[in-house]
Amino acid sequence: MRVLVTGGLGFLGHAVTVDLLDAGHHVTVLTRGRPDAKPPADADLVEGDIRDRQRMHEIVAAGEFDGVCHLAALTRGRDSFADPLTYYNVNVGGTLNLLMALDAVRGAQPPARFVFASTNIVYGSVHAGALSEAMEPHPESPYAWSKLAAEQLVSAYAATGAIGAITLRPFNIAGAIDGVGDTDTARIIPNVFRAVGGELLHVTLNGDGSIVRDFVHVGDVAAAVGSALLRTKAGACQVYNLGSGVGTQMIEIVHAVELLAGTAINVVNLPPRPEPPTMIADISRAMKGLDWQPSRSSLMQILADAWSTWTGAVARR
């Protein structure tokens, strides 16, 4: 299958590209330019910004793709309050441009398979415990609203029969694949690693660190993307949560990294924030519909893979 992966040089995009190549697909990675990253050797690379409608038309027309894994997005909820227009331009406008490019070649080949990476953030903070796809979304930031709007756009276009689509809502993606790990300093695991290495004086936790969240290995998410690509049906759009199905307290992450690194980590406890005490993915639909298991998503596997990659990257600096 000829597959286009948008955002293919990112943390998740690299893992998805590796997984698709291993499955025998011909993969083209779309990037708007990242000199610090390269795709796996067997992948093709094209440059273009998903906000550039004409460029998307050129890439899609030339590629004759059987499938698209749309991962490119802006993803920081707090930043989206300061710059909502850019978040909508990238996350909604970029998705629209990609779909319009597919529409321009409609009829020239069978309906494309389309996998869209959304986020669990669309559920908001009104729900607690295990979150299922049947729950009503409650977006609370321009980022979350933009991802939900993009979901609706994909679903509406799929209903015309032009594509078959699956939307995935990953929870907290972590771990590492092929030497590529998460470096986003808005997330707890990279910050715990930075504290170990002396880049930070301490790790900050809201409250006592007992907030429970669901962490899923990037390799498991990549496997779900590949499985979803094979299971789209023209005229339909399904939604699946991706997580471990297991909750982890924030303080547990700190203690586990202390064991891995063999050193104590300073923790500063901030006042508690008004947030759900527990948010875990109900993954029963994905396990059945995608024939998928989060087999690498134990906390220690996630942290061991991430730590190995992090320390290797530090050693190469």
Notebook entry, point to check: Does a side-chain heavy-atom distance below 4.5 Å link Phe215 with Leu299?
Noted result: no

Next item on the list: Would you check if Ile121 and Pro139 make a side-chain contact, meaning some heavy-atom pair closer than 4.5 Å?
Entry: no

Margin query: Please determine whether a side-chain nitrogen of the Lys or Arg among Arg76 and Asp184 lies less than 4.0 Å from a carboxylate oxygen of the Asp or Glu.
Written below: yes

Item checked: Salt-bridge criterion met for Arg213 and Glu275 (N-O under 4.0 Å) -> yes

Checklist line | Stepwise side-chain hydrogen bond (donor to acceptor under 3.5 Å, both in side chains) check, Tyr123 with Arg169 | finding: CA-CA 10 Å; Tyr123 291 114; Arg169 292 174 177 168; 3.0 Å; yes

Notebook entry, point to check: Which of these, Val16, Asp66, Val115, Asp19, sits in a side chain to side chain contact (heavy atoms under 4.5 Å, CB included) with Leu229?
Noted result: Val115

Next item on the list: Show the numbers, then the answer: is there a side chain to side chain contact (heavy atoms under 4.5 Å, CB included) between Ile163 and Val68?
Entry: CA-CA 10 Å; Ile163 59 172; Val68 175; over 6 Å; no

Next item on the list: May I have the step-by-step check of side chain to side chain contact (heavy atoms under 4.5 Å, CB included) for Ile188 and Met250, ending in yes or no?
Entry: CA-CA 8 Å; Ile188 184 171; Met250 299 300 101; 3.8 Å; yes

Next item on the list: Please check if the side chain of His25 supplies one atom and the backbone of Gly226 the other of a donor-acceptor pair under 3.5 Å.
Entry: no

Notebook entry, point to check: Under 3.5 Å, is there a donor-acceptor pair between the Gln249 and Ser210 side chains?
Noted result: no

Checklist line | side-chain hydrogen bond (donor to acceptor under 3.5 Å, both in side chains) between Thr86 and Asn89, worked out | finding: CA-CA 5 Å; Thr86 297; Asn89 193 18; over 6 Å; no

Item checked: Working for side chain to side chain contact (heavy atoms under 4.5 Å, CB included), residues Tyr240 and Thr167 -> CA-CA 6 Å; Tyr240 295 101; Thr167 288; over 6 Å; no

Next item on the list: Step by step, work out the side-chain hydrogen bond (donor to acceptor under 3.5 Å, both in side chains) result for Asn91 and Ser146.
Entry: CA-CA 6 Å; Asn91 295 348; Ser146 71; 3.0 Å; yes

Check: Transitive ILVMFWY cluster of Val212 at side-chain heavy atoms under 4.5 Å: who else is in it?
Finding: Ile280

Next item on the list: Could you check Gln54 against His57 for side-chain hydrogen bond (donor to acceptor under 3.5 Å, both in side chains), going step by step and ending with a plain yes or no?
Entry: CA-CA 5 Å; Gln54 180 58 39; His57 276 263; 5.8 Å; no

Note to self: Show every side chain to side chain donor-acceptor pair (under 3.5 Å) that has at least one partner inside residues 186-196, sequence neighbours left out.
What the structure shows: Asp182-Arg187, Asn191-Arg194

Next item on the list: For the pair Ile302 and Arg296, evaluate side chain to side chain contact (heavy atoms under 4.5 Å, CB included) and give the outcome as yes or no after the intermediate values.
Entry: CA-CA 7 Å; Ile302 286 172; Arg296 287 170 278 190; over 6 Å; no

Notebook entry, point to check: Hey, what do you get for NE2 (His70) to CD1 (Ile50), rounding to the nearest 0.5 Å?
Noted result: 4.5 Å

